Amino acid sequence: MGIDLNLVGAKGAIAEEAEGKWGMVIDQDLCTGCQACVAACAMENNLSFVGEEDAGYGRTQHWIRIERFWEGAYPEVKATAFQPMLCQQCGHAPCEPVCPVFATPHSPAQEINLQVYNRCVGTRYCANNCPYQVRSFNWRDYHLEPFHANNVDGQLVYPLHNQFNPDVTVRRRGVMEKCTFCIQRIHQAEDKAKSEGREVHDGEFTTACAQACPANAITFGRMDDHESLVSQLAHQDRGIKHLEELNTLPRITYLKEG
Amino acid sequence: MSENISRRDFLKLATVGAATTAVLTGCGPASRYIKREPYMEMPEYTYNGLSTYYATTCRECAAGCGLIVRTMQGRAIKVEGNSNNPVNLGKTCARGQATLHGLYNPDRVQGPLKRTRGTPFDLRTNVSVTWDEAVQVVADAINNNNPSEVAFLLGMAPDHLFDLVSDLANAIGAPAPIRYGALSMFEARATLIKASENLFGTAALPFFDIANSDLVLSFGANFLETWLSPVAYTRGFAKMRRGNPKRRGHFIQFESRISQTAAKADEWIPIRPGTESLVAAAIGRLVAEAKGGAVSEVFANVDLNEVLSSADIKLETLEHVAEMVGEAESAIVIPGGSALGLSNGLQTAETILTLNALADNFGKPGGVYLSPFLPNQDTYHRPASAQEMAEFIEKMKSGDVKVLFVHGVNPLFELPESLGFADALGSVQEVISFAVFPDETALASDYIFPDHHGLESWGYQRVATGTEQSVLSGAQPVVSPNYDTRATADVLLAASQALPFKDEMEFLQSKFASLVGQADDSFSAPEINTFTAYFQQHGGWWKKSSELVSPSATDTLGRNFAVEQAEFAGEGEFFFLPFVSPTLGEAGANKPWLQELPDPTTTVMWNTWVEMNPETAHELHIENDDVVKIISEAGEVEAPVYLYPAIRPDTIAMPFGQGHTAYGRYAAGRGANPAKLLGQHFNEAGDLAFAGMRVRIEKIEGKKQMLSRLESRIGVYNEGLEEH
Amino acid sequence: MIRNFFEWVMGPMGRIAVLITALSLFSLTAFGIYQTQQPPDQPIEFTHKLHVGLGIQCLYCHPGALRGPSPGLPTQTKCWGCHQQMEKTFDPNFPELSEKLVGYIERNEPIPWVPVAQVPDFVHFTHRPHIAAGLNCENCHGDMTQVEIAENPQVLNMGWCLNCHRERAANDPEKLVKLTDCGTCHY
């Protein structure tokens with residue numbers, strides 16, 4: 001960010017930069033809670049499944065999860081709108097300053113929060129400090145557990161590994177991970193546009209979750225381009241940002257029901 | 001290794017050996033480098049390090065969504081939706097995404113096997129046979145038996161294999177193949193189609209245009225989960241909500257629990273199970289009375305006070321709904337599976353369609369249409385109803401089926417146990433399974449001749465409903481087969497000379513022939529080979545403009561029939577509501593990432609639960625995670641309780657999808673199968689009255705099973721359970 | 001117990017034992033370090049010097065470098081395209097060709113090459129922009145006309161990457177931000 005918060009008028013400067021480069025809009029009126037985004041994210045980003053026991057301990061590796069809350073009691077009970085929760089790519093991220101090894105820096109180029117796996121030593125301070133609780137830790141080498149392997153002539157063969165996306169690092173035990181806004185797709189699109197000597201078009205690519213969403217509830221794109229679909233959607237009256245009062249400057253706008 | 005070394009010693013030795021080797025070579029080139037094997041001959045459209053994309057069709061359910069699969073160096077990496085396919089327009093559901101975990105599942109059948117029925121699945125102990133022997137076995141089975149004693153049991157999808165087997169059965173004089181799937185049972189498709197036949201004279205699946213309606217009343221239709229074509233209906237829902245900037249469609253769900261679909265409703269009205277037809281008729285009566293003029297007899301005969309007490313609904317609620325229907329521009333009423341899977345299901349379906357007639361929406365935007373006939377078809381072939389399956393099982397028991405071929409369906413899991421499929425298999429001399437995975441039925445077979453996985457095979461699939469136009473969704477291999485599998489179509493064509501085709505592709509082209517050069521196609525091809533190439537490139541063939549049929553309803557409102565409450569089977573204090581797991585579907589349990597997806601409403605992962613109202617549970621001294629035994633007239637199952645605030649106190653619900661005894665390491669021995677509780681009761685259309693069971697429950701003292709859920713860790717750490 | 005051990009160590013046998021241990025540890029370390037400097041064994045002793053010397057362009061065999069992340073290894077059909085026309089291929093005096101290459105072709109087996117220029121899994125290197133920025137292959141991979149069996153001229157570590165990135169973007173602050181962003185390579 002490069003803004004000294006002690007300066008007079010710093011908040012105004014933050015508001016200027018608050019939109020950031022990439023942004024997302026999630027329409028809660030449309031989200032049906034179907035989990036397609038969760039599955040798509042898992043397949044795109046090589047997320048490990050952790051099994052029943054570890055899942056019970058809250059160790060699941062969901063970079064995006066769908067929250068559901070109840071309101072009232074039977075018969076006046078109501079399920080509040082499904083709320084997909086993922087890394088908000090805060091402009092002013094609480095996870096960043098607490099990392100002792102700078103493994104979760106802010107990307108000056110893409111203006112998102114990064115997680116550098118090779119630098120992470122697994123203190124889990126960042127997860128502790130994340131108000132959205134969207135970071136997940138690799139408690140084991142889940143994908144290397146022999147349970148998933150077949151024994152072929154004495155060698156362990158993992159057929160599921162064939163599905164891994166080569167553009168995304170397969171994380172090992174002891175590192176933190178979180179949503180990257182599908183940065184591999186950002187790079188791919190930017191590289192392609194550059195090779196053709198143009199800018200990236202709005203809607204040319206999107207994140208795995210937005211691509212899968214059957215209700216089209218998720219939109220991704222450039223927030224700094226006021227013509228883009230995502231920034232037009234974000235500036236509706238229905239738009240809210242989560243835990244805005246913490247001054248985290250989240251990049252994701254939620255559109256309320258109704 | 002000599003026999004004297006025990007396993008433990010061997011492990012020790014191996015560890016020491018491995019450690020030594022690691023130390024000595026730890027710095028050597030072997031550990032720092034990996035091997036890379038280039039293509040022998042690279043396909044010309046492939047570039048090193050760049051992805052290749054193939055269009056194909058999703059085979060996880062019968063909806064027929066188009067997929068674009070991203071592959072890299074011969075591996076399938078990611079499933080994306082085909083944005084041209086009219087069914088899903090580029091979108092996918094969770095099951096579609098996880099289809100890769102089926103393709104690369106560690107528990108696939110890796111080659112043709114001869115086996116002893118009922119033995120555990122193990123590639124090393126089962127006897128491998130060659131494909132030549134396999135073809136001979138199939139040929140003998142077809143040729144050495146009386147054709148009337150050969151039976152084919154296929155999955156729900158109306159695909160090319162169904163066409164091929166139909167043609168084959170026709171050619172050799174065998175009975176037509178039977179299609180079945182648990183989804184069709186839980187959707188009560190036969191009832192829906194029968195009602196359509198009774199009202200409109202056409203046995204077709206109705207198409208509900210919710211996208212253009214401004215008021216949706218749904219009686220238990222789970223159209224955002226698994227119902228008919230969930231991705232297409234979800235798109236319709238999104239359009240209904242936000243498609244028109246001037247109005248936001250209103251959605252009311254009548255169901256005894258808040259399902260994932262009901263959670264999206266603006267109003268959830270928990271009526272007592274079995275009273276759906278009464279409530280629909282009562283709404284009809286109120287709407288008609290408000291409109292003035294004659295009230296049709298079906299509605300007029302309903303006693304409002306009786307409805308109020310039996311359905312457990314307030315008069316104000318009914319009047320409010322009726323008022324909304326009266327004011328709506330295009331109201332639509334949808335009958336779902338749990339409303340039709342009852343003793344009076346057909347009646348309910350007809351009442352609900354009549355209510356649509358009252359809303360005057362037949363053949364109008366936002367109303368009811370009939371799905372177009374499928375390409376190359378002039379009648380609608382629906383999957384078998386449970387009653388037809390019961391008849392087939394009787395035939396098996398009587399010994400009239402000597403050879404049974406099973407493909408794409410797992411009846412031992414998907415059929416209620418009370419129908420007796422397991423026993424009936426004993427009377428069949430030879431069972432030949434073409435299963436991709438070692439499921440329960442494959443393990444009860446004499447042979448498994450595995451088909452390719454859906455992403456490794458050619459084919460097409462007709463799209464039964466969900467689109468405006470008739471669609472033939474195309475399938476092609478996106479990767480070469482991983483194992484020694486063979487296309488079932490090829491096996492059948494090689495085994496029987498009854499059909500004049502040399503292989504699957506020749507058969508496919510014969511079916512394409514009539515589509516070449518039709519007007520208004522999605523692409524135009526002058527001749528068959530170009531057509532085939534375009535068909536693969538586009539991921540199928542479809543018409544460009546809408547072909548929805550307006551129902552020819554002459555005097556729908558003049559029809560009269562009795563509207564009564566459903567009858568429930570068995571004894572017990574609870575209504576029992578089984579529903580298809582929104583994330584697993586009927587066959588997703590072997591895909592680990594689907595297991596790890598939280599159920600949308602309970603957030604439970606990896607297991608089966610019983611939903612119970614907290615008040616009821618409190619009276620019975622039952623807490624979260626207490627294991628209970630549920631007993632119906634047909635059987636009993638055990639499962640842990642989930643205190644669900646959004647279910648009627650007199651109802652308990654259980655998801656269908658788990659409870660496998662086989663089907664690979666991720667599915668076997670996990671959860672419970674509610675189909676065990678379903679008795680042999682059918683409605684007039686032959687569908688199983690699956691929602692018409694009464695059950696009682698017994699708490700198993702001292703037995704708890706912690707459910708893994710995303711929403712809260714309290715249950716797992718066993719803290720705070722006392723005060724809640 | 002411990003005391004006895006120290007007494008033994010101070011004795012003559014003990015001293016010899018300590019010496020032997022120290023010597024073997026030292027030689028193991030030396031051997032280990034030596035090993036890290038060795039190029040890996042290749043399935044065929046393919047000589048880059050000869051092929052590049054003949055004037056074959058790098059991109060003829062590694063065309064992926066122009067388009068995407070990975071330059072790729074030539075398919076066997078590409079090797080065979082030239083070699084099947086050459087007498088030398090079948091000459092028993094050249095066992096690398098007449099036995100090994102012909103063997104792989106006849107068995108229809110892929111050649112398990114061992115790539116020498118590698119970055120770890122958590123680094124996502126893409127060739128295309130580097131070629132587009134005007135770098136030549138030899139800038140990173142060294143002069144292949146001088147190398148018999150492929151080996152790596154430099155340690156491909158992050159400092160080496162960043163040095164070049166900083167140098168090249170020194171005059172363009174925006175480019176510098178992009179080229180030194182963690183997220184450019186690590187994700």
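None of the values given here were measured: they were computed from a predicted structure.
- The backbone N or O of Phe122(C) sits nowhere less than 3.5 Å from a side-chain atom of Asn118(A) that would complete a donor-acceptor pair.
- Shown here is Glu145(A), whose CD atom has more than 12 heavy atoms of other residues, nucleotides or ligands within 6.0 Å.
- For the set Thr180(A), Ile112(A), Val168(A), the count of heavy-atom pairs under 4.5 angstrom toward chain C peaks at Val168(A).
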For a side chain to side chain contact (heavy atoms under 4.5 Å, CB included) check, start with the C-alpha distance between His186(C) and Gln115(A), then their side-chain angles and the critical distance, and finish with the verdict.
CA-CA 8 Å; His186(C) 300 296; Gln115(A) 180 67 31; over 6 Å; no

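- Looking at residues two or more places apart in sequence or on another chain, you find a ring pair (Phe, Tyr, Trp, His ring centres under 6.0 Å) between His48(C) and Phe46(C).
- Annotation for Glu174(C): atom CD does not count as buried by contact number, only 12 or fewer foreign heavy atoms lying within 6.0 Å.
- The shortest side-chain heavy-atom distance between Lys194(A) and Pro129(C) does not fall under the 4.5 Å cut-off.
- Tyr117(A) and Tyr187(C) make their closest contact through CE1-C, 3.6 Å (heavy atoms, listed as atom of the first residue, atom of the second, distance).
- In the displayed structure, Glu45(C) atom CD is contacted under 6.0 Å by at most 12 heavy atoms of other residues, nucleotides or ligands.
- Atom CZ of residue Arg119(A) and atom CE of residue Met158(C) lie 5.5 Å apart, to the nearest 0.5 angstrom.
- Annotation: Arg107(C), atom CZ; neighbour count of heavy atoms from other residues, nucleotides and ligands within 6.0 Å is above 12.
- Proximity to chain C involves both the backbone and the side chain of Pro108(A), based on heavy atoms less than 4.5 angstrom apart.
- Environment of CD in Glu7(C): crowded, with over 12 heavy atoms of neighbouring residues, nucleotides or ligands closer than 6.0 Å.
- Within a 6.0 Å radius of CZ in Phe90(C), more than 12 heavy atoms belonging to other residues, nucleotides or ligands are found.
- Within the 3.5 Å criterion, the main-chain N or O of Gly183(C) finds a donor-acceptor partner in the side chain of His187(A).
- Residues His124(C) and Thr169(A) bring a donor and an acceptor atom of their side chains to less than 3.5 Å of each other.
- Within the model, atoms CG of Asp121(C) and CZ of Arg171(A) stand 11.5 Å from one another, a figure rounded to the nearest 0.5 Å.
- Among Val123(C), Val177(C), Thr126(C), the residue with the largest count of heavy-atom pairs under 4.5 Å with chain A is Val177(C).
- Shown here is Asn171(C), whose CG atom has no more than 12 heavy atoms of other residues, nucleotides or ligands within 6.0 Å.
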